Peer 1: 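Mind having a look at this structure? Questions to follow.
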Amino acid sequence: MSRKPVPAQHGQRARVEVNFDRPQLLPQLFGEYDSNILALEERLGVYIHARGQRVVIEGSAEAVAHAREVLIELHSRVIRGEAIDTGLIDAVIAMATEPMLTGIVRAENDESGGSAPPIMIRTRNKTIVPRSLTQTTYMRALVSNDIIFALGPAGTGKTYLAVAQAVAQLITGSVKRLILSRPAVEAGERLGFLPGDMKDKVDPYLRPLYDALYDCLPAEQVERRIASGEIEIAPIAFMRGRTLADAFVILDEAQNTTPMQMKMFLTRFGQNSRMVVCGDPKQTDLPGGPSASGLNDAVNKLEGIDGMAFVRFGIGDVVRHPIVGRIVEAYEGGDQG
């Protein structure tokens with residue numbers, strides 16, 4: 001690695017060395033042609049040079065400290081088996097700007113030098129770890145609360161992490177069924193004009209749930225479990241009159257439910273079950289706008305009830321392509337104006 005140093009932009013120039021005890025992992029950390037290091041240098045305004053297992057970071061004192069924390073965190077993720085890409089780099093950088101990051105990272109290591117298990121979800125296809133502070137809070141809520149409301153913009157992992165946790169619990173036998181639901185078309189669910197039978201009519205609206213499932217389980221397992229009834233994907237209207245026991249139940253796009261639909265869905269809760277309600281309170285297709293949304297109504301009525309968690313994601317938690325966060329910010333900024 002030999003590149004022109006990036007000039008420090010703020011404060012006195014500083015230099016720090018980081019020694020990694022598993023140098024064989026450094027090629028994965030640095031990326032092909034040092035692409036990950038180049039991304040870090042560009043984003044943080046530092047210069048990074050490696051020789052053997054020693055990495056030297058130069059720049060302003062603040063930037064060097066920031067880069068050191070990010071590099072150490074990325075190295076720990078490589079050890080866990082994660083692939084480093086620009087999305088993860090941006091997520092770790094965003095986490096490192098939060099004052100609480102140091103406490104969270106160090107909380108995973110006890111004073112004796114041992115390492116506590118990191119927060120993660122294991123499925124057949126992959127191991128999933130949080131990519132933002134809010135995802136960390138959310139993943140903890142998914143294993144400790146009966147009903148969880150995940151609120152916020154697209155691209156923050158609300159539905160994906162819920163499906164991953166549901167798959168993990170189904171695999172381990174913690175629940176017997178996985179039920180995925182969402183409003184079809186819009187709250188009135190007027191499907192008559194669409195071609196085909198009921199499955200043909202609703203499948204396009206449930207496709208994001210299928211996509212998340214196939215990402216967490218081999219295709220043949222998804223199909224076998226759907227055929228056996230272990231996994232059920234259906235519009236919310238199909239939940240009426242049922243009691244959902246021993247099940248992990250997820251409602252996606254909840255902002256498009258009416259208050260009556262939301263009440264119906266929540267009262268399906270049964271023994272040994274967990275419910276996750278995902279949606280963006282600001283983006284509803286209902287004719288009456290956000291004020292007509294069953295999601296907003298439920299949040300207003302239920303927040304503070306024991307056993308329920310309300311996790312709010314923001315623009316900074318968007319973990320899709322960085323441009324998605326900028327799009328969300330532009331639209332929300334326009335709404336506020």
Side-chain angles (χ1 to χ4, degrees), residues 100 104 119-121 128 130 132-154 156-170 172 174-183 187 208-209 212 232 234-284 286 290-314 316-317:
M100 292 178 62
I104 289 174
I119 299 169
M120 63 174 60
I121 300 172
I128 300 161
S132 74
L133 287 173
T134 310
Q135 282 195 358
T136 301
T137 301
Y138 184 40
M139 289 171 69
R140 286 176 175 146
L142 287 172
V143 297
S144 59
N145 293 89
D146 295 326
I147 298 177
I148 303 98
F149 284 80
L151 313 169
T156 51
K158 303 184 302 294
T159 304
Y160 184 84
L161 290 176
V163 171
Q165 182 62 41
V167 167
Q169 293 201 11
L170 186 64
T172 60
S174 299
V175 295
K176 295 179 180 177
R177 292 182 295 163
L178 167 52
I179 299 172
L180 308 174
S181 183
R182 64 185 289 175
L209 298 175
E232 179 182 349
I236 191 172
F238 286 33
M239 300 297 108
R240 194 174 301 278
R242 304 173 60 183
T243 299
L244 306 175
D246 297 306
F248 198 115
V249 190
I250 300 170
L251 175 62
D252 193 25
E253 298 293 335
Q255 72 273 8
N256 288 332
T257 61
T258 65
M260 288 302 296
Q261 284 176 319
M262 180 62 75
K263 178 183 177 182
M264 178 274 292
F265 177 81
L266 293 173
T267 53
R268 301 307 95 197
F269 189 84
Q271 293 293 326
N272 191 38
S273 290
R274 178 158 288 133
M275 275 187 172
V276 184
V277 177
C278 305
D280 184 351
K282 297 181 180 179
Q283 301 293 331
T284 178
L286 296 172
S291 62
S293 171
L295 176 61
N296 292 332
D297 181 67
V299 171
N300 292 334
K301 284 184 167 70
L302 303 176
E303 191 160 16
I305 291 180
D306 188 42
M308 293 187 178
F310 293 79
V311 181
R312 289 176 169 83
F313 292 85
D317 297 303

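Since this is a predicted model, take the numbers as computed values, not measurements. One is the number of the first residue; the rest follow in order along the sequence.
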Peer 1: Kindly indicate whether the side chain of Arg312, heavy atoms from C-beta on, has any atom under 4.5 Å from the side chain of Val299.
Peer 2: yes
Peer 1: Could you check if a side-chain atom of Thr284 sits within less than 4.5 angstrom of a side-chain atom of Asn256, using non-hydrogen atoms only?
Peer 2: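 The answer is yes; the side chains approach within 4.5 Å.
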Peer 1: Output yes when a side-chain donor or acceptor of Ser273 lies under 3.5 Å from a complementary backbone atom of Phe269, and no otherwise.
Peer 2: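 It does not hold such a pair.
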Peer 1: Would the distance check show the side chain of Arg274 and the main-chain N or O of Asn145 forming a donor-acceptor pair, the cut-off being under 3.5 Å?
Peer 2: yes
Peer 1: Would you call Val167 and Ile121 a side-chain contact if the rule is heavy atoms closer than 4.5 Å?
Peer 2: no
Peer 1: Return the minimal non-hydrogen interatomic distance between Cys278 and Ile250, and the atom names on each side.
Peer 2: SG-CG2, 4.4 Å
Peer 1: Does Phe248 reach the side chain of Val276, with side-chain heavy atoms less than 4.5 Å apart?
Peer 2: yes
Peer 1: First locate atom CZ of Arg268, then atom CZ of Arg240, and finally report the distance between them rounded to the nearest 0.5 Å.
Peer 2: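 Going from the CZ atom of Arg268 to the CZ atom of Arg240 covers 8.0 Å.
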Peer 1: Out of the candidates Thr267, Asp297, Val277, Asn296, only one should pair with Met262 under the side chain to side chain contact (heavy atoms under 4.5 Å, CB included) rule; please name it.
Peer 2: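 Output: one option passes, namely Val277.
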Peer 1: Can you label the angle between the Phe313 ring and the Tyr138 ring as parallel, tilted or perpendicular, going by 30° and 60°?
Peer 2: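 Rings of Phe313 and Tyr138: perpendicular, as their planes differ by over 60°.
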Peer 1: For Asp280, is there any backbone N or O sitting under 3.5 Å from a side-chain donor or acceptor partner on Gln255?
Peer 2: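 The answer is yes, because a donor-acceptor pair under 3.5 Å joins these two groups.
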Peer 1: Provide the closest heavy-atom pair for Ile179 versus Arg242 in the form atom of the first, atom of the second, distance.
Peer 2: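 The answer is CD1-NH2, 4.2 Å.
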Peer 1: Is it the case that the side chain of Arg177 and the backbone of Ala245 share a donor-acceptor pair, with hydrogens and angles ignored and the cut-off at 3.5 Å?
Peer 2: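 Indeed, once roles are kept as given, a pair shorter than 3.5 Å links the two residues.
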Peer 1: If I compare all heavy atoms of Ser181 with all of Pro235, which pair ends up nearest, and what's the gap?
Peer 2: OG-C, 3.3 Å
Peer 1: Got a second to check how far Leu244's CG is from Asn272's CG, nearest 0.5 Å?
Peer 2: 12.5 Å
Peer 1: Going from CG on Leu266 to NZ on Lys301, what distance comes out if it is rounded to the nearest 0.5 angstrom?
Peer 2: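 So the gap between those two atoms works out to 11.5 Å.
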Peer 1: Nearest 0.5 Å, what's the CG-CG distance between Leu178 and Leu170?
Peer 2: 6.0 Å
Peer 1: I'd like to check Met264 versus Ile236 (side-chain heavy atoms, cut-off strictly below 4.5 Å). Are they in contact?
Peer 2: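 Yes, at least one pair of side-chain atoms sits under 4.5 Å.
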Peer 1: Just how far is it from atom OG1 of Thr134 to atom CG of Leu151, taken to the nearest 0.5 Å?
Peer 2: 11.5 Å
Peer 1: Please report the shortest heavy-atom distance between Pro259 and Ala292, naming the atom on each side.
Peer 2: CD-O, 3.4 Å
Peer 1: Nearest 0.5 Å please: distance from the CZ atom of Phe310 over to the CD1 atom of Ile147.
Peer 2: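 Nearest 0.5 Å value for the CZ-CD1 distance: 8.5 Å.
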Peer 1: I want to check something: taking the side chain as every heavy atom from C-beta on, are Leu295 and Leu251 in contact at a cut-off of under 4.5 Å?
Peer 2: no
Peer 1: Side-chain contact test, heavy atoms from C-beta onward, threshold under 4.5 Å: evaluate it for Met275 versus Phe265 and give yes or no.
Peer 2: yes
Peer 1: Looking only at non-hydrogen atoms, find the nearest pair between Lys158 and Gly152 and report the distance.
Peer 2: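 Shortest heavy-atom separation between Lys158 and Gly152 comes out as NZ-O, 3.1 Å.
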Peer 1: Quick one: closest heavy-atom pair of Thr156 and Gln135, and the distance?
Peer 2: O-NE2, 2.9 Å
Peer 1: Strictly by modelled atom types, are Ser132 and Asp317 linked by a side-chain donor-acceptor pair under 3.5 Å?
Peer 2: yes
Peer 1: Looking at side-chain heavy atoms only, is the closest gap between Arg182 and Leu209 below 4.5 Å?
Peer 2: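 They are in contact (side-chain heavy atoms under 4.5 Å apart), so the answer is yes.
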